[in-house]
Amino acid sequence: MGIKSISSAFDISRNTVRRYVRMYQDSGIPAEKLPSLSDARLQELFSIPGAREHKPSERQIRLEALLPEYAARLSRKGMTVKKLYEEYRATSASVRSSAGSVAANIFRSF
């Protein structure tokens, strides 16, 4: 499989594919051994040096804790993401209007 077909299959840029292929080639590990490596070892091999690590905000952590309940409520007739968001916004004083789209996106992605 070539760079272009991998890029298309995973919907990522060809430069990103090239970067990971170079990381793999530089590691010197045979392809047969890759499946047997632990997740921690793969993360170490393929992590991008200097990349920022995202730390979720306290508000995001609280919101994600509510998602299982919200998912169950969305399966009920008449419940919408908009209604859930309005309820969430009414009960969470710290929600700003710009954070609304973030909350709605989190609801949808769950």
Side-chain angles (χ1 to χ4, degrees):
M1 199 173 209
I3 299 286
K4 192 171 184 177
S5 58
I6 293 170
S7 172
S8 296
F10 293 101
D11 197 28
I12 56 177
S13 76
R14 291 189 306 268
N15 286 337
T16 300
V17 174
R18 283 187 191 97
R19 181 181 327 134
Y20 284 109
V21 168
R22 264 188 248 114
M23 288 174 159
Y24 164 71
Q25 289 171 337
D26 292 346
S27 74
I29 297 173
E32 300 81 34
K33 289 192 177 185
L34 281 178
S36 65
L37 296 177
S38 69
D39 288 345
R41 180 67 176 130
L42 289 170
Q43 178 70 28
E44 179 184 314
L45 281 173
F46 295 107
S47 63
I48 299 171
R52 294 186 316 175
E53 193 171 307
H54 174 70
K55 191 173 185 179
S57 68
E58 190 65 35
R59 185 174 67 226
Q60 182 178 353
I61 293 169
R62 285 193 313 266
L63 174 60
E64 288 177 352
L66 295 171
L67 290 178
E69 175 196 344
Y70 284 179
R73 290 176 62 195
L74 279 171
S75 66
R76 295 184 192 144
K77 187 176 181 178
M79 183 54 71
T80 64
V81 171
K82 184 177 181 180
K83 285 181 184 179
L84 277 177
Y85 169 67
E86 288 170 355
E87 178 186 309
Y88 170 74
R89 188 172 179 195
T91 59
S92 298
S94 64
V95 177
R96 298 182 310 268
S97 61
S98 64
S101 61
V102 173
N105 287 339
I106 290 172
F107 289 157
R108 285 188 194 101
S109 68
F110 187 76

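The residues of the chain are indexed from 1 along the displayed sequence.
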Nearest-0.5 Å distance that lies between atom CD in Glu58 and atom CG in Leu63 = 12.0 Å
Give the minimum heavy-atom separation between Leu74 and Val81, together with the two atoms involved.
-> CD2-N, 3.7 Å
Consider only side-chain heavy atoms of I, L, V, M, F, W and Y, link residues closer than 4.5 Å, and tell whether Phe10 and Met1 are in one cluster.
-> yes
Interatomic distance, CD1@Ile6 vs CZ@Arg18, rounded to 0.5 Å, equals 11.0 Å
Got a second to check how far Tyr20's OH is from Ile3's CD1, nearest 0.5 Å?
-> 13.0 Å
Between NZ on residue Lys83 and CD on residue Glu87, distance to nearest 0.5 Å = 11.0 Å
Quick check: are there more than 12 heavy atoms from other residues, nucleotides or ligands sitting under 6.0 Å from CG of Asp26?
-> yes
Would you please test Leu84 and Met79 for side chain to side chain contact (heavy atoms under 4.5 Å, CB included) and show each step?
-> CA-CA 7 Å; Leu84 277 177; Met79 183 54 71; 3.8 Å; yes
Mark yes or no for whether Ser8, through its side chain, and Lys4, through its backbone, hold a donor-acceptor pair below 3.5 Å.
-> yes
Mind checking the CZ-CG spacing from Arg41 to Leu34? Nearest 0.5 Å is all I need.
-> 10.0 Å
Salt-bridge criterion met for Arg89 and Glu86 (N-O under 4.0 Å) | no
When clusters are formed by joining ILVMFWY residues with side-chain heavy atoms under 4.5 Å apart, either directly or through shared neighbours, do Val21 and Ile12 land in the same one?
-> yes
Can you tell me how far the OG1 atom of Thr16 sits from the CZ atom of Arg19, to the nearest 0.5 Å?
-> 4.5 Å
Minimum heavy-atom separation for Ser13 to Ser7, with atom names?
-> C-OG, 3.6 Å
Would you say Tyr24's side chain and Ile29's backbone share a donor-acceptor pair under 3.5 angstrom?
-> yes
